[in-house]
Amino acid sequence: MRPPTIRDVADRAGVSKSLVSLVLRGSDQVREEKREAVLKAVRELGYRPNAAARSLSEQRTRTIGVLLNDLRNPWFVDLLDGLNSLLHDNGLHMLMADTRLNRRTGQDMTGPFLDLRADGLVVIGTLPDPAALGALTERIPVVVAGAREPVLPGVDLVANDDEQGARLVTEHLIGLGHRRIAHIAGYGAVGELRRRSFEAAMRAHGLEGVVEPSDMTEEGGYRTTVRLLSRPDRPTAVFAVNDIASVGVLSAAEELGLRVPRDLSVVGYDNTRIASLRHVWLTTVDSANHEVGRRAARCLLDRLEGGGGAGRVHLAAPTLEIRGTTAAPPPTD
């Protein structure tokens, strides 16, 4: 049996094909009773618009490319949820790619989105080669979400306020009485902002923190913590650049016979689903990822609707989620 056509919908609703098209495009130039008749016919017939034909007529594919820096990292889940909810409400669909996989196979990160004629692109996280976006921004609207680079003309950046988030963590640990605090730092602009804010907050209290670089992975957090806890003046608290690295911190502490938070306080960043698992119950910064995702979608929609101009930076306010991995330092400290 052949699928229903727009003519079948028009015949069932007793209207013209052009009026059906207006209803399906969401036009406000259709009387309510006609709109209801068309939508009723669509439901009864199970009609689905021909996406390819509509793309040709509108010169749009109604698809948005989403480029993730690493699909394995759970921090992007809430961001994607916020992004997709608003895009879906506006009749747009996501196409995702993982830059980690592209790097391993030597594939172009952005070319496939142009080949598929995506209407726009949202880049989530810090890319290993931000310059790769340069030429793409001249072809389609681009928004960067959850990162603070690259800064390119006409590209909006939407992220949480990393400096404020790191300051919340540091003030929390100092307020508990910790003086020997270490920070497991990350890379890129996000890692740099969090590190600088940590150091500034420590200096403001007359303290000097220890900073150890890492690759923002669980294994990196583990190796770095082993080094930190092997110091004669080992820290009583560790602030990791993200939740994934914090899991490595917890593993290292357990293997070395330290109990969290009695012997060592641990704080992460991003408030991923991992942080709220009962056996982890990690104190962490909620980086407002759902809100960041919705703001990124809004920025892209504005660009698609003809909003040009210089790129803007939109920062969402983070909050500190205090759970079970932070407490006062040991009495002997």
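- Under 4.0 Å is where a charged nitrogen must lie from a carboxylate oxygen, and between Arg298 and Asp302 at least one such pair does.
- A donor-acceptor pair under 3.5 Å is formed between the side chain of His183 and the backbone N or O of Phe239.
- Val66 places none of its side-chain heavy atoms less than 4.5 Å from the side chain of Leu95.
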Per-pair distances, 0.1 Å, donor-acceptor, side chain in residues 198-212, under 3.5 Å, sequence neighbours excluded:
unit_1, atom_1, unit_2, atom_2, d
Glu199, OE1, Arg195, NH1, 2.6
Glu199, OE2, Arg195, NH1, 3.3
His205, NE2, Glu171, OE1, 3.0
His205, NE2, Glu171, OE2, 3.3
Glu212, OE1, Arg227, NH2, 3.4

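- Rounding to the nearest 0.5 angstrom, the gap separating the CD1 atom in Ile184 from the OG atom in Ser246 is 7.5 Å.
- With values rounded to the nearest 0.5 angstrom, Asp233 atom CG is found 15.5 Å from Arg179 atom CZ.
- Take Glu36 and apply the side chain to side chain contact (heavy atoms under 4.5 Å, CB included) test, not counting sequence neighbours, and it matches Glu32.
- Of all non-hydrogen atoms in Leu300 and Val142, the two that sit nearest each other are CD1-N, 4.5 Å.
- Under a hydrophobic clustering in which Ile, Leu, Val, Met, Phe, Trp and Tyr are joined whenever their side-chain heavy atoms come within less than 4.5 Å, directly or via other members, Ile64 and Leu79 fall into the same cluster.
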**Message:** Could you go through Asn160 and Tyr269, starting from their C-alpha distance and side-chain angles, then the distance that decides it, and tell me whether this counts as side chain to side chain donor-acceptor pair (under 3.5 Å)?
**Reply:** CA-CA 11 Å; Asn160 91 104; Tyr269 206 111; 2.7 Å; yes

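- Rounded to the nearest 0.5 Å, atoms CD (Glu305) and CG (Leu301) are 6.0 Å apart.
- Between Val169 and Val285, the closest side-chain pair of non-hydrogen atoms falls below 4.5 Å.
- With contacts defined as side-chain heavy-atom distances shorter than 4.5 Å, the pair Ile6/Tyr47 qualifies.
- Residues satisfying the side-chain hydrogen bond (donor to acceptor under 3.5 Å, both in side chains) test with Thr284, not counting sequence neighbours, are Asp243.
- The closest side-chain heavy-atom distance from Arg323 to Ser276 is below 4.5 Å.
- Applying the side chain to side chain contact (heavy atoms under 4.5 Å, CB included) test to Arg43 and every residue at least two apart in sequence or in another chain returns Leu39, Lys40.
- Side-chain contact check for Pro153 versus Thr137: every heavy-atom pair is 4.5 Å or farther apart.
- Within the 4.5 Å cutoff, no side-chain heavy atoms of Val144 are placed close to those of Glu149.
- In this structure, the side chain of Thr326 does not engage the main chain of Ile322 through any donor-acceptor pair within 3.5 Å.
- Under a hydrophobic clustering in which Ile, Leu, Val, Met, Phe, Trp and Tyr are joined whenever their side-chain heavy atoms come within less than 4.5 Å, directly or via other members, Val313 and Val190 fall into different clusters.
- Distance check: Ile124 CD1 to Met96 CE gives 8.5 Å after rounding to the nearest 0.5 Å.
- Here the CG-NZ distance, from Leu22 to Lys17, works out to 13.0 Å after rounding to the nearest 0.5 Å.
- Here the side chains of Asn84 and Leu80 are not in contact, with every heavy-atom distance at 4.5 Å or above.
- Residues satisfying the side chain to side chain contact (heavy atoms under 4.5 Å, CB included) test with Ala237, not counting sequence neighbours, are Leu173, His178, Ile181, Ser265.
- At a threshold of 4.5 Å between non-hydrogen side-chain atoms, the residues Leu92 and Thr63 do not count as touching.
- With hydrophobic clusters built from ILVMFWY side chains whose heavy atoms lie under 4.5 angstrom apart, Met94 shares a cluster with Trp75.
- Val241 and Leu168 fall into different hydrophobic clusters, where Ile, Leu, Val, Met, Phe, Trp and Tyr are joined by side-chain heavy atoms under 4.5 Å apart, directly or via other members.
- For the side-chain hydrogen bond (donor to acceptor under 3.5 Å, both in side chains) test, no residue two or more places apart in sequence or in another chain qualifies with Glu218.
- Legend: salt bridge (Lys or Arg N to Asp or Glu O under 4.0 Å) pairs involving residues 156-167, not counting sequence neighbours, sorted by first then second residue: Arg148-Asp162, Asp156-Arg303, Asp156-Arg312, Asp162-Arg194.
- Counted by atom type alone, Thr272 and Asp270 present zero donor-acceptor pairs between their side chains at under 3.5 Å.
- Leu68 is connected to Val292 through a chain of hydrophobic side-chain contacts under 4.5 Å among Ile, Leu, Val, Met, Phe, Trp and Tyr, so both are in one cluster.
- Residues satisfying the side chain to side chain contact (heavy atoms under 4.5 Å, CB included) test with Leu45, not counting sequence neighbours, are Pro4, Asp8, Val9, Arg12.
- Sorted by first and then second residue, the salt bridge (Lys or Arg N to Asp or Glu O under 4.0 Å) pairs with a member in residues 76-91 read Asp78-Arg273; sequence neighbours excluded.
- Taken to the nearest 0.5 Å, the NE2 atom of His93 stands 11.0 Å off from the CG atom of Asn90.
- Applying the side-chain hydrogen bond (donor to acceptor under 3.5 Å, both in side chains) rule to Thr217 yields the partners Asp215; only residues at least two apart in sequence or on another chain are considered.
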**Ile274/Ile244 under side-chain contact (heavy atoms from CB on, under 4.5 Å): CA gap, chis, key distance, verdict** = CA-CA 8 Å; Ile274 291 174; Ile244 289 290; 3.8 Å; yes

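- Cluster partners of Val226 are Tyr222, counting Ile, Leu, Val, Met, Phe, Trp and Tyr whose side-chain heavy atoms approach within less than 4.5 Å, directly or via other members.
- Applying the side-chain hydrogen bond (donor to acceptor under 3.5 Å, both in side chains) test to Ser85 and every residue at least two apart in sequence or in another chain returns Arg294.
- At least one donor-acceptor pair under 3.5 Å links the side chain of Asn242 to the backbone N or O of Met216.
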